[in-house]
There are 2 protein chains.
Amino acid sequence: MEKNTRSRKARIQKTNGTATVAAFKNSSNSAEGQIAANAQTPLEMRFIEAQTNLGASRQRLLRQILAEPHETFFLSSREMARRYGVDSATIVRTVQAMGYQKFADFAHDLRNHFVTQITPYTAMKAATQKNRSVADYIHQSIDQDLENLNALKTSLDVNKVVELVKQIHQTRRIVVVGIDFAASLAMSLAYGLVRLGCDAEAPTGSTGVVQNKVRIMTKKDLLVVISFGQGLRETVEAAQRARRRNVPTFGITDGDKTPIARFCDHYITASIARTSFIDSYVASVAAINAILVACAHTQPKRALELLAQTEREYSSGARWYQGEDSDQKTR
Amino acid sequence: MEKNTRSRKARIQKTNGTATVAAFKNSSNSAEGQIAANAQTPLEMRFIEAQTNLGASRQRLLRQILAEPHETFFLSSREMARRYGVDSATIVRTVQAMGYQKFADFAHDLRNHFVTQITPYTAMKAATQKNRSVADYIHQSIDQDLENLNALKTSLDVNKVVELVKQIHQTRRIVVVGIDFAASLAMSLAYGLVRLGCDAEAPTGSTGVVQNKVRIMTKKDLLVVISFGQGLRETVEAAQRARRRNVPTFGITDGDKTPIARFCDHYITASIARTSFIDSYVASVAAINAILVACAHTQPKRALELLAQTEREYSSGARWYQGEDSDQKTR
DNA sequence: AATTTCCTGCAATGATTGTTGCATTTTTGT
DNA sequence: ACAAAAATGCAACAATCATTGCAGGAAATT
């Protein structure tokens, strides 16, 4: 009996020690606001639903579990209890209070919750730190892209995008400002908006061009500025100037404390974190893509017409390559 | 006793039915070559290591388990046995033959193996197919981006990138051609190459400009063309013209049968698959980013020098915004 | 301050788990 | 074709699992 208990302890300790899926990045943002803000998994939905019926300690317990699913998704009720310093009965009764009949049902949802949170990069991070060949750097670069993109997925405030799109459809003209690397982002956003029937442009060229474009904007227009980190002076000043003249501004940047975030009426963030010297603009592109998709689907009929029209013009003219069989339609 | 057995069966069936992490995409490529080719997880390593000591049926069994970890990683030995129509003892002895002392150790490695294979999108795919609000489309757009990016991760031929980078460093001048949406891609690639000290440019403007640029290229130059699907005529013709004149060509496209893929000396593919009307260029951006990273790391010293130099010029001039505390260094 | 309500830990329950000996079948080597 | 070797299924084992009544304690309500 006594030996029995001891061996059980030993096994559980060993399990806790080795079965963890390697050193994960502990997200610094508070899990509370994150979960409350936008519930995406069935588990989170059930959690905020039953939140009122749950005591404070049970909420704290669940929050801990949901915040680090990568360390909890494979644990048994006993192991989970030991991990958070409670009895296994407490675990079972807590998940029952959430509405689950059996712990297995909760475990199932927890697995799915884990899957939505995890990215391959996060898992490989600790494992593959060799960095010896160029090939490793390439892999690492894509992994970083995946990580940034996944961060965008979980942190992107969809409402902000929807609001932006409403604004876009109401506004008269849209000017997108981006310099250097951000120039290609500005270009693609403006191009996409034009194809969707908006009067948008991304001025390129000398400093004066941008300044003049902004100068003739009014309240009825919209200025979109794209810059990251400390921000390029010209881009930030364009935002400031626009704001002074009551021109609506929307920013795309990579943090809440960047100049762009502070000086724009609204903004969204997309990480450009890099492993190598080169910034990763993948998440930014995804954000821009999301904006365009949202634009298209708020007026789907009009968007389809416009796109079909462009399609027709293209194929009637000689814009497509017509080598032999031309049955494809994508570009 | 009899009732006991029945209830166990019922439970296991229920578990197999509901605990699965939703309908996953079944990759059509044979698991054998995939695992044998490049073992990445400890589990795969142990598998190919003990492969000679394993019988045929046990190999087949393991291959099935490793090929669909998303459906096996949470199963017990008995459930796993039932899933593949064998006895639980067979499962245990098979994993023991691989070198694992306990089934729990194997389960641990299987979880990690699963994590490296899974992507968030793949998991959510079946779960969220509602598509009612604009917010859903936004989420779906990002999920599609993730899927495309993950496809790039698994399918990107790193050697091709390395070869391209070698060529880039040897060549005299690089011209990147991309039209419409691809223009922003071409722009960012050219810009990144310039920052790394290459003589690169992405000609914009009328048709004539591109044609003239290509006309003055020689064997010592490199033409990079970017176009997807059927391909824009102008881009394809640029590749054809260059090839006729023995100018090395490298393509970025989205399939092995596109004109770009057929007419270029070498090429890489990046999916632009879309859920909505708008093509997703995220994977392409990631591919370009990978090229730039590889470029930087084949000559890391030189790249660092160049980037530091640009940094210095930028901060000495008034390119950065200097609102108050300027301790940040990213852009 | 008193009482009700809620929550937690302990202990016990039956079900399920991983594991191994034994007889049988399948595969392998000659 | 035959013998040796390996693998498999069955049955049983102890250990661990999830689950629940019970009693004590914490928090909230009156």
Side-chain angles (χ1 to χ4, degrees), chain A residues 1-16 19 50-62 65 72 74-110, chain B residues 1-16 19 50-62 64-65 72-110:
Chain A
M1 181 64 178
E2 189 264 348
K3 188 193 173 192
N4 182 351
T5 308
R6 188 139 46 88
S7 78
R8 193 183 64 185
K9 278 190 183 178
R11 188 198 173 276
I12 290 178
Q13 277 188 348
K14 183 222 161 199
T15 301
N16 270 347
Q51 206 159 8
T52 54
N53 309 339
L54 286 162
S57 61
R58 285 186 175 178
Q59 283 192 29
R60 190 171 46 242
L61 181 64
L62 281 171
I65 296 174
T72 56
F74 54 89
L75 297 178
S76 67
S77 65
R78 289 179 132 86
E79 293 169 327
M80 216 175 275
R82 187 167 297 270
R83 171 170 237 274
Y84 297 105
V86 294
D87 193 82
S88 68
T90 304
I91 297 285
V92 171
R93 290 189 175 112
T94 303
V95 305
Q96 282 175 341
M98 281 181 74
Y100 291 103
Q101 282 202 335
K102 323 218 92 195
F103 178 80
D105 302 332
F106 169 76
H108 167 251
D109 273 16
L110 184 60
Chain B
M1 181 64 175
E2 190 264 349
K3 188 191 173 192
N4 184 351
T5 308
R6 187 137 48 88
S7 81
R8 192 182 64 184
K9 278 190 182 178
R11 187 196 174 278
I12 290 177
Q13 277 187 348
K14 182 218 163 201
T15 301
N16 270 347
Q51 204 159 8
T52 53
N53 308 341
L54 259 53
S57 61
R58 287 185 174 180
Q59 283 191 29
R60 190 171 46 241
L61 182 63
L62 281 171
Q64 283 181 284
I65 296 174
T72 56
F73 77 101
F74 55 89
L75 296 178
S76 68
S77 64
R78 286 182 136 89
E79 292 170 327
M80 214 176 277
R82 186 167 296 271
R83 170 169 238 275
Y84 296 106
V86 295
D87 193 82
S88 69
T90 304
I91 297 284
V92 171
R93 291 189 174 112
T94 302
V95 305
Q96 282 175 342
M98 282 182 75
Y100 292 103
Q101 283 202 337
K102 324 220 89 190
F103 177 80
D105 302 332
F106 168 77
H108 167 252
D109 273 16
L110 183 61

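Chain identifiers are assigned alphabetically (A, B, ...) following the order of the sequence lines, protein sequences preceding nucleic acid strands; residue numbering begins at 1 within each chain.
For the atom pair B:Ile65 CD1 and B:Tyr84 OH, the distance stands at 5.5 Å (nearest 0.5 Å). One distance of note links OG1 of A:Thr94 with OH of A:Tyr100; it measures 13.0 Å at 0.5 Å rounding.
Side-chain contact between B:Arg58 and B:Met98: absent, with no pair of heavy atoms (C-beta onward) separated by less than 4.5 Å.
Atom CZ in B:Arg78 sits roughly 15 Å away from atom P in D:dC17 (whole-Å rounding). Atom-to-atom, NZ of A:Lys102 to C1' of C:dT16 comes out at 11 Å; the value is rounded to the nearest Å. Rounded to an integer number of Å, the gap from B:Leu75 CG to C:dT16 C1' is 14 Å. Protein atom OH of A:Tyr100 is 16 Å distant from nucleotide atom P of D:dA18, rounded to whole Å. Rounded to whole Å, the distance from CG on B:Leu62 to P on D:dA7 is 12 Å. Rounded to whole angstrom, the span from the CD atom of B:Glu79 across to the C1' atom of D:dC17 amounts to 13 Å. Computed from coordinates, the B:Leu61 CG to D:dT8 C1' distance equals 12 Å when rounded to whole Å. Rounded to whole Å, the distance from CD on B:Gln96 to P on D:dT8 is 13 Å.
Phosphate proximity of C:dG18 to B:Gln101: absent, as no side-chain N or O sits under 4.0 Å from OP1 or OP2. For A:Ser77 and D:dA18, the shortest distance from a side-chain N or O to OP1 or OP2 is below 4.0 Å.
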Measure all distances between protein nitrogen or oxygen atoms and nitrogen or oxygen atoms of nucleotides 8-10 of chain C, and list the pairs falling under 3.5 Å.
{"unit_1": "C:dT8", "atom_1": "OP1", "unit_2": "A:Ser57", "atom_2": "OG", "d": "2.7"}
{"unit_1": "C:dT8", "atom_1": "OP2", "unit_2": "A:Arg58", "atom_2": "NE", "d": "2.9"}
{"unit_1": "C:dT8", "atom_1": "OP2", "unit_2": "A:Arg58", "atom_2": "NH2", "d": "3.4"}
{"unit_1": "C:dG9", "atom_1": "OP2", "unit_2": "A:Asp87", "atom_2": "N", "d": "3.0"}
{"unit_1": "C:dG9", "atom_1": "OP2", "unit_2": "A:Thr90", "atom_2": "OG1", "d": "2.7"}
{"unit_1": "C:dG9", "atom_1": "O6", "unit_2": "A:Arg93", "atom_2": "NH1", "d": "3.0"}
{"unit_1": "C:dG9", "atom_1": "O6", "unit_2": "A:Arg93", "atom_2": "NH2", "d": "3.3"}

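Nearest heavy atoms, B:Ser77 versus B:Val92: CB-CG2, 4.2 Å. Here the shortest heavy-atom pairing between B:Leu110 and B:Thr72 reads CD2-O, 3.7 Å. Taking all atoms of both residues into account, the shortest heavy-atom contact from A:Glu79 to A:Phe74 is OE1-O, 4.3 Å.
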